[in-house]
Amino acid sequence: MTSRARATLPCCFAASLGLALASGQPALAWEAETTHVGLAEEAALASSLHKRLTELGFSGGLFEVLAVPPADAPELLAALRRLSPATGVVPDARGRMTALSWLAAGAAVADAPVQFAVHHFFDPSSGKGWEAPPQSRLAALWRKMRKVAPLPPRGIPAPDWLVDPQNPLGLEGFWAQYAKAITAATPGERSRHMAAALVAAGAALHVLGDVGTPSHARADAAEYYEPLTEDGLVLGSRFDRVAALAFDRLGVPGPNRVVTRASVRAFFTSPEGDGLADLISSRYFSAGTLPSSTNVAGAGAAPRLARPQPGVPAHLNLMAAAREGATLKSDQGVCLARYRIERNELEFYLDDACRLEQAQAILPEVAAFETGLLEFLMRGRLTLRQEGGALVVSAGQKLAAGQLEILVEDARGQRTSLKAQELAGGEAGAELARLGTPPGAKILALFRGKDGAGEAIVAVGAVVPE
């Protein structure tokens, strides 16, 4: 972004995003332009985002056209146009796309450049993220082929990356842009800020979705050095490639439910073990954390496990394993691994059919968590009602400390601030403010601060007084 860019997207936000997109690096995750875009779209369609956008004045909801003028964010728009039109995230010459497309754009670019992608790993059993495997000829070849700088030896764990100041698409950017999409003076400014907020929200969905892959939830960096072609010149995760080939973008399954949590971190992990990383880590093996090979000639030999779960039954079908091979299945009948015996060695492995079964089971779960996170980000509500000659603003949920701002919108769509005040908080339904307002004007109220659980929130309400 140039020094004369207007206050539409924050300078660091737009410029960093543009540079990330321009690098064109491959993702260390679900493939971004297919699986991640499809997941974000499914989450949006299953959520109440469409209704929320219409309530906020974007009458087209998910299909409202939001514009980011090219002069305001040239790097961003130029980089998006280098993506395939099949992704659905390529703006027109005037920088216009639907709200749904801006959300999907954030999901498409969150792991670029590849140095940012290492911050999408999280093993809940250790609390650690990416740790680069030992240097090898294969690893050196991988870097040389893609002409990238060496990857960091360690990554920031995924839940921490969402709130890290180094993340140009972090949640602080989302909250700032979401608030400005309500308080900005003109419809054009509000459109630009909402586009930026949706890009940041889409990036957050991407980071959460990544811990839905076994390699990310088990911090298995080695899986991304697998050869994907017979000549070994293309490396990456076979699991991610299988999912992309099987579902592309439009075939990604929708959520099997909507997950609700009280904090952003709880979508990743919780003491109850019901975060997405908790569930995937305990239910699936990654390529680098399969049970160890074991010599079956000795009595009582048992495979060593990288994690306590998933476990291996005490009695495997060794006869089938010695003939054509056998399958280790979950309680739900999903393939967890194949196993076979060769020269008295029991070994476990994954083939593409097994990976496909896993992807079919995992993707609806990931979509459920992404839908829940999107609902969480947009959860803030204020209630505005006329009472006598005054307008009363009430909390839609328990709120802690923050700032309340009251705005009025005229017939041209111009918004101006009537009042701003600091609040100590209040219970759900509590009165936050009472004031007189111009007759017949649209009134909006915005609270930015913390909710009752100490989580960041932007809460909004609107009314047209009689």
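Because the structure is a prediction, the values reported are computed rather than measured.
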Please check if the number of heavy atoms outside [X] that lie under 6.0 Å from its [atom1] is greater than 12.
X      : atom1 : value
Arg154 : CZ    : no
Arg94  : CZ    : no
Lys329 : NZ    : yes

Open item on the list: Once you measure the plane-to-plane angle for Phe348 and Tyr339, does it fall in the parallel (<30°), tilted (30-60°) or perpendicular (>60°) bin?
Closed with: tilted
Open item on the list: Walk me through whether Arg218 and Thr289 qualify under side-chain hydrogen bond (donor to acceptor under 3.5 Å, both in side chains).
Closed with: CA-CA 8 Å; Arg218 292 183 150 227; Thr289 63; 2.9 Å; yes
Task: Test: Arg340 and Glu345 ion pair at under 4.0 Å - done: no
Side-chain donor/acceptor pairs under 3.5 Å, residues 366-379, sequence neighbours excluded:
| from | atom 1 | to | atom 2 | distance (Å) |
| --- | --- | --- | --- | --- |
| Thr371 | OG1 | Ala367 | O | 2.7 |
| Glu375 | OE1 | Ser48 | OG | 2.6 |
| Glu375 | OE2 | Ser48 | N | 2.9 |
| Glu375 | OE2 | Ser48 | OG | 3.3 |
| Arg379 | NH1 | Phe376 | O | 2.7 |
| Arg379 | NH2 | Asp451 | OD2 | 2.8 |
| Arg379 | NH2 | Ala456 | O | 2.9 |

- [ ] Check Ala32 against Ala108 and note the closest heavy-atom contact, atom names and distance.
- [x] CB-O, 3.3 Å
Task: Asp274: salt bridge (charged side-chain N to carboxylate O under 4.0 Å, His left out) partners, not counting sequence neighbours - done: Arg261
- [ ] Would you please indicate yes or no on a ring centroid separation below 6.0 angstrom for Phe116 and Trp161?
- [x] yes
- [ ] Check side chain to side chain donor-acceptor pair (under 3.5 Å) between Arg265 and all other residues, then give those that pass, not counting sequence neighbours.
- [x] Asp160
TODO: Given salt bridge (Lys or Arg N to Asp or Glu O under 4.0 Å), test Arg448 with Glu172 step by step and report yes or no.
DONE: CA-CA 12 Å; Arg448 185 176 183 196; Glu172 186 56 38; 2.7 Å; yes
Open item on the list: Just so I know, are the side chains of Leu305 and Pro310 near enough to count as touching, which here means a heavy-atom distance under 4.5 Å?
Closed with: no
TODO: Go through the steps to decide whether Leu363 and Trp30 satisfy the test side chain to side chain contact (heavy atoms under 4.5 Å, CB included), and finish with yes or no.
DONE: CA-CA 10 Å; Leu363 282 168; Trp30 299 111; 3.7 Å; yes
